[in-house]
There are 2 protein chains.
Amino acid sequence: MKLGDGVEQSIHCTAALSGLSAGGVLSAAALAEFHGVSTSYLLKHLQALSGAGILETVPGPKGGYRLAKRPEDISLLDIVLAVEGPAPAFRCSEIRQRGPNPLPQRYFTKPCQITAAMLRAERAYRAELASTSIADILAELSADDDGGIAARGCAFMELHERKAAR
Amino acid sequence: MKLGDGVEQSIHCTAALSGLSAGGVLSAAALAEFHGVSTSYLLKHLQALSGAGILETVPGPKGGYRLAKRPEDISLLDIVLAVEGPAPAFRCSEIRQRGPNPLPQRYFTKPCQITAAMLRAERAYRAELASTSIADILAELSADDDGGIAARGCAFMELHERKAAR
DNA sequence: TTAATCGTAGATATTATTTATCCACGATTA
DNA sequence: TAATCGTGGATAAATAATATCTACGATTAA
């Protein structure tokens, strides 16, 4: 059971974009530099996020990415599903049907109870993720510390703008 | 996010072993044939389960595997952790610290809130798995159907015993 | 005692997936 | 019109999962 690095990158990028002032954008290159990760790889996840309606893109010079909706309307589940895909972690390959001594077919009219239990756990996982929004993350950060992700995003954007002005 | 096939095999094997009569065992080869999977690969998982104290082994001719404790004392979480390892699915690589504009160090005295949220979801997942035992699975199966995993395990064991007698 | 059977452990191959990179393309705007 | 950006697909490299094999030690039925 493992979650790809893309999830961490995507959540941090979304949080950083939440700190932008109205109309502001950050390019994929700027986001990658900001987080110290590969631009071309981050691009893949950013496209997944824009495809899922979490981010939107502004083409052309001075273009980039920004949030497609309010931080409080973006849950961690939205991001995880966009990046990792909707498939559940547990997949039943029906090995109960593969043995040498076949059971009566009516035994299989009900779904595998093991699968049902595993998916129940996964629903609990997703429910918890769905109940946490990007806005919640930002609120927890700024509640007890002056150096929040949002503020850092702003600082970096200014840096980026200065660089572009040169 | 993905769970290995070993989890499904391990749970089904544990359920099958729950159906054995007192003192009965099933060899790794028998369990593999029963489920139609590779013996040598299943072996790896069975060893993990016995190492975790879920199964125990009986060596020698007529040896094999059996439960090390009662079905109601074996949770799905026990099995998942034994097979997949205890590491959480989400791992924070602290990309927030990697950017070009370092933040004041005191910003990092608190753990990453994103990580905290992801681990909170994972705790919910594990709690749900911990609350379901092998006995629960068997009960749900036999509640409304005569062909339960336990009964099938018995039938197969008898088949296996007959084979050994020859 | 002996030979068969079983599990243990580690090494190793094979396959699949993830991660990462690159390039040609179309859209937009200074 | 030229620079900059995102899009999308192809592709390579790295990593992890899957699967197999071999030698070994323990146990027990004959």
Side-chain angles (χ1 to χ4, degrees), chain A residues 1-10 13 17 23-33 35-52 54-66 68 83-85 87 89-91 93 95 160-161 163-166, chain B residues 1-10 13 17 23-33 35-52 54-66 68 83-85 87 89-91 93 95 160-161 163-166:
Chain A
M1 173 131 169
K2 210 183 72 177
L3 228 48
D5 295 342
V7 173
E8 184 183 7
Q9 296 180 14
S10 297
C13 283
L17 290 174
V25 297
L26 276 179
S27 72
L31 282 167
E33 185 191 354
H35 291 108
V37 300
S38 151
T39 303
S40 40
Y41 187 42
L42 178 62
L43 219 42
K44 188 178 189 174
H45 302 307
L46 292 176
Q47 286 175 214
L49 292 173
S50 81
I54 296 168
L55 303 184
E56 63 184 12
T57 63
V58 178
K62 306 282 175 184
Y65 288 92
R66 66 182 169 210
V83 174
E84 292 278 318
F90 181 86
R91 279 140 308 169
S93 51
I95 66 173
H160 183 248
E161 295 289 328
K163 206 184 291 178
R166 265 186 254 132
Chain B
M1 174 132 167
K2 211 184 72 177
L3 229 48
D5 296 342
V7 172
E8 184 182 7
Q9 297 182 14
S10 296
C13 284
L17 290 173
V25 297
L26 275 180
S27 73
L31 282 167
E33 186 191 353
H35 291 108
V37 299
S38 150
T39 303
S40 40
Y41 187 43
L42 178 62
L43 220 40
K44 191 179 189 173
H45 302 308
L46 291 175
Q47 286 175 214
L49 293 172
S50 81
I54 296 168
L55 303 183
E56 64 185 11
T57 64
V58 178
K62 308 280 177 185
Y65 288 92
R66 66 183 169 208
V83 174
E84 292 277 319
F90 181 85
R91 280 139 307 168
S93 52
I95 66 173
H160 184 248
E161 295 288 328
K163 206 184 293 177
R166 265 185 256 136

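Numbered from 1 within each chain, the chains take letters A, B, ... in sequence-line order. Just so it is clear, the structure is predicted and the values come from calculations on it, not from any experiment.
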message = Mind checking if A/S50 touches a base, just sugar-phosphate, or nothing, with heavy atoms under 4.0 Å?
response = sugar-phosphate
query = Could you state the NZ-P distance from B/K62 to C/dG7, rounded to the nearest angstrom?
reply = 13 Å
query = Tell me: CD of A/Q9 to C1' of C/dT18, nearest whole Å?
reply = 12 Å
request  = Check every strand shown and say whether A/S40 touches a base, only sugar-phosphate, or nothing at a heavy-atom separation below 4.0 Å.
outcome  = base
message = Side chain of B/S27 only, heavy atoms from C-beta on: which candidate in D/dG6, C/dG7, D/dT27 is closest?
response = C/dG7
request  = Using atom CG of B/L49 as one end and atom C1' of C/dT8 as the other, report the distance to the nearest whole Å.
outcome  = 15 Å
query = Which is true for B/P59 with a 4.0 Å heavy-atom rule: it touches a base, it touches only sugar-phosphate, or it touches nothing?
reply = sugar-phosphate
task = Answer with base, sugar-phosphate or nothing: what part of the nucleic acid does A/L43 contact at a heavy-atom distance below 4.0 Å?
result = base
query = Which distance, rounded to the nearest 0.5 Å, do you find between the CD1 of B/I54 and the OH of B/Y65?
reply = 12.5 Å
message = Rounded to whole Å, please give me the gap between CG in B/L46 and P in C/dA9.
response = 13 Å
message = Can you tell me how far apart CD (B/Q47) and CG (B/L42) are? Round to the nearest 0.5 Å.
response = 10.0 Å
message = Starting the side chain at C-beta, find the nucleotide from C/dA4, C/dT8, D/dT7 nearest to B/T57.
response = C/dT8
inquiry  = I want to verify a distance call: between D/dA19, C/dT19, D/dT7, whose nearest atom is closest to the B/Y41 side chain?
reply    = D/dA19
query = For the pair made of CD in A/E8 and C1' in C/dT18, what is the distance, rounded to whole Å?
reply = 16 Å
ask   = B/E56 CD to C/dT8 P: how many Å, rounded?
value = 11 Å
query = Using purine N1 to pyrimidine N3 plus N6-O4 or O6-N4 for Watson-Crick, or N1-O2 and O6-N3 for G-U wobble, both under 3.5 Å, which nucleotide pairs with C/dA30?
reply = D/dT1
query = At what distance, to the nearest 0.5 angstrom, does SG of B/C13 lie from CG of B/L55?
reply = 8.0 Å
query = Separation of B/E84 atom CD from D/dA17 atom P, in whole Å?
reply = 8 Å
Comparing B/P61 and A/H45 on DNA chain C - which has the more 5′ nearest nucleotide = B/P61
query = Rounded to the Å, how far apart are A/D5 CG and D/dA16 C1'?
reply = 13 Å
Sugar-phosphate, base or nothing in reach of B/G6, heavy atoms under 4.0 Å = nothing
request  = Using a 4.5 Å cut-off on heavy atoms from C-beta on, say whether the side chain of A/L31 contacts that of A/L17.
outcome  = yes
message = Quick check for you: to the nearest 0.5 Å, what is the distance between A/L46 atom CG and A/T39 atom OG1?
response = 9.5 Å
